[in-house]
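We name chains A, B, ... by the order of the sequence lines, and we start the count at 1 in each one.
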There are 2 protein chains.
Amino acid sequence: MKNEITEKAKNILKKHGIQPSVQRIKILEYLLINRTHPSADEIYRSLCAELPTLSKTTVYNTIETLVEKGIVKPLNIDSRELRVDAIIEPHAHFRCMECGKIYDVEIEMPDYINKKVGDGHLVKAQDLYLEGICNSCLKKNEKK
Amino acid sequence: MKNEITEKAKNILKKHGIQPSVQRIKILEYLLINRTHPSADEIYRSLCAELPTLSKTTVYNTIETLVEKGIVKPLNIDSRELRVDAIIEPHAHFRCMECGKIYDVEIEMPDYINKKVGDGHLVKAQDLYLEGICNSCLKKNEKK
DNA sequence: ATTCTTGCAAATCATTTGCACTTTA
DNA sequence: TAAAGTGCAAATGATTTGCAAGAAT
C-alpha cells in the first residue's frame with residue numbers, strides 16, 4: 001500500500017518534531033521509496049505532477065530540515081549537485097563513470113567513528129566513495 | 001631551492017606531454033608545495049601576485065588538463081567547491097566540521113581497485129572521506 | 001602558418017536569500 | 001493571532017563557454 005509509506009513518512013517527521021506538512025511528507029516518502037540518491041531537482045521534478053505548486057525552495061528547505069534532524073544524509077559524490085540519501089544502514093556509494101548512476105554497496109570496512117585518526121582528529125562520520133564501471137555498463141560494453 | 005620544484009613541475013608536465021607554459025608550471029608548482037587541497041579560487045588568488053594577468057579560466061583549464069592526465073585528483077569532499085589534490089600516495093581525507101580544513105590522513109583500508117563490489121560493479125577509484133573535529137579545534141574547545 | 005594556450009566577458013546552473021502570502025497550532 | 005511553512009523572484013557564486021588575441025612549434 002502506498003498509504004503505509006505515507007504513514008511511515010508522517011511518523012518519522014512527527015517523531016523528530018517536524019510538522020508533517022503535505023510537502024514534507026511527499027518529499028520524505030519519495031526518498032524512502034526511491035533509494036536512488038536523487039538530487040534536489042530530481043525530487044522537485046518527480047513531485048511536480050502531484051504537487052503542482054511545489055517550489056524548489058521547499059525541496060531545499062525540507063532537505064535541510066531532514067539533514068539537521070539526521071533523517072537524511074547529504075552526499076558529495078557528485079560534484080555538480082547535492083545528492084541525498086535516506087539513512088537506513090551504513091553503506092558505501094559507487095558511482096558509475098559511464099552512466100553516472102549511483103549505487104549503494106554493502107561492503108565491510110573499518111569503522112573509524114569516534115576514533116582518532118592521523119594527527120588526533122576525531123572522526124564523527126565516514127564515507128567510502130567508489131568509482132568505476134557498473135555491472136550494467138560492463139555488459140553493454142561487452143556486446144560492442 | 002624553489003628552482004627545484006619549478007623544475008620538478010616542468011618535468012612532470014613534459015613527461016605527460018603537456019606544454020609547460022608559465023601558468024601551468026606555476027599552478028602545478030603551487031599544488032606540489034601546498035598540499036592543502038586548494039580550491040580553484042585559492043590557487044587563483046595565491047598566484048595573482050606572481051602572474052597578474054592570470055585568469056580563473058586558465059586555472060580551471062589547467063586543473064582539467066592535470067586531472068585528465070592523472071597528475072591531480074579532484075575531490076568532492078567540499079560540496080561548495082572543487083578541491084584538487086596532487087597525487088602522491090593513496091590516502092584518506094578528513095574534513096573538520098568546525099574549521100572546514102581538510103587534512104590528509106594515512107590509514108589502512110581495504111583496497112577495492114580493480115575488484116568487483118556489490119552487484120558486480122568494477123571499482124576503478126576509491127576515496128575514504130572522514131568528517132569530525134580536528135585536533136586543533138578539539139584543543140580550542142577544551143580551553144573554553 | 002597552423003595549432004595550442006590564454007583570458008576576458010557573458011552564460012549557465014545549483015543553491016540561497018528576501019519577502020510576502022498561506023497555513024497551522 | 002502568533003509562529004511556522006511555503007514559494008516566487010531575485011541574488012549569489014562556482015564553473016563553463018564563446019571567442020578573439022597571443023604564443024609556440
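A straight line from OH of B:Y60 to P of D:dG18 spans 17 Å, rounded to a whole angstrom. Nucleotide D:dC8 holds its P atom 7 Å from the OH atom of A:Y44, rounded to whole Å. Computed from coordinates, the A:E81 CD to D:dT15 C1' distance equals 14 Å when rounded to whole Å. With rounding to whole Å, A:Q19 atom CD is found 10 Å from D:dA4 atom P. We find that NZ of A:K10 is positioned 12 Å from P of C:dT24, with the value rounded to whole Å. For B:N61 and C:dC4, the CG to P distance is 14 Å, given to the nearest whole Å. We find that CD1 of A:I63 is positioned 12 Å from C1' of C:dA14, with the value rounded to whole Å. Between the CG atom of A:L13 and the P atom of D:dA4 there is a distance of 17 Å, given to the nearest Å.
Distances shown here put a side-chain N or O of B:T53 below 4.0 Å from the OP1 or OP2 atom of C:dG7. Regarding contacts with the backbone of D:dA23, every side-chain N or O of B:Q23 stays at 4.0 angstrom or more from both OP1 and OP2. The side chain of B:T57 contributes no N or O atom lying less than 4.0 Å from OP1 or OP2 of C:dT6. In this model, the phosphate group of C:dG7 is approached by a side-chain N or O of B:T58 to a distance below 4.0 Å at OP1 or OP2.
The side-chain hydrogen bond (donor to acceptor under 3.5 Å, both in side chains) check on A:Y30 picks up A:S46, with sequence neighbours excluded.
Side-chain atoms of A:L82 lie closest to C:dT15 of the nucleotides C:dT15, C:dG7, D:dG5. In the set D:dG7, D:dG5, C:dT15, the nucleotide with an atom closest to the side chain of A:A40 is C:dT15. The side chain of A:R80 lies closest to D:dT16 when the candidates are D:dG7, D:dT16, D:dA4.
In this pair, A:Y129 and A:H93 present their aromatic rings tilted. The plane angle is within the 30 to 60° band.
Two residues, A:P20 and A:S39, neighbour DNA chain C, and the one matched to the more 5' nucleotide by heavy-atom proximity is A:S39.
Residue pairs that meet the salt bridge (Lys or Arg N to Asp or Glu O under 4.0 Å) test with at least one member in residues 66-80 of chain A, sequence neighbours left out, are A:K73-A:D127, A:D78-A:R83.
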Stepwise side chain to side chain donor-acceptor pair (under 3.5 Å) check, A:T58 with A:Q23: CA-CA 8 Å; A:T58 299; A:Q23 292 86 340; 5.7 Å; no
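Residues A:I71 and A:T65 fail the side-chain proximity criterion, which asks for heavy atoms closer than 4.5 Å.
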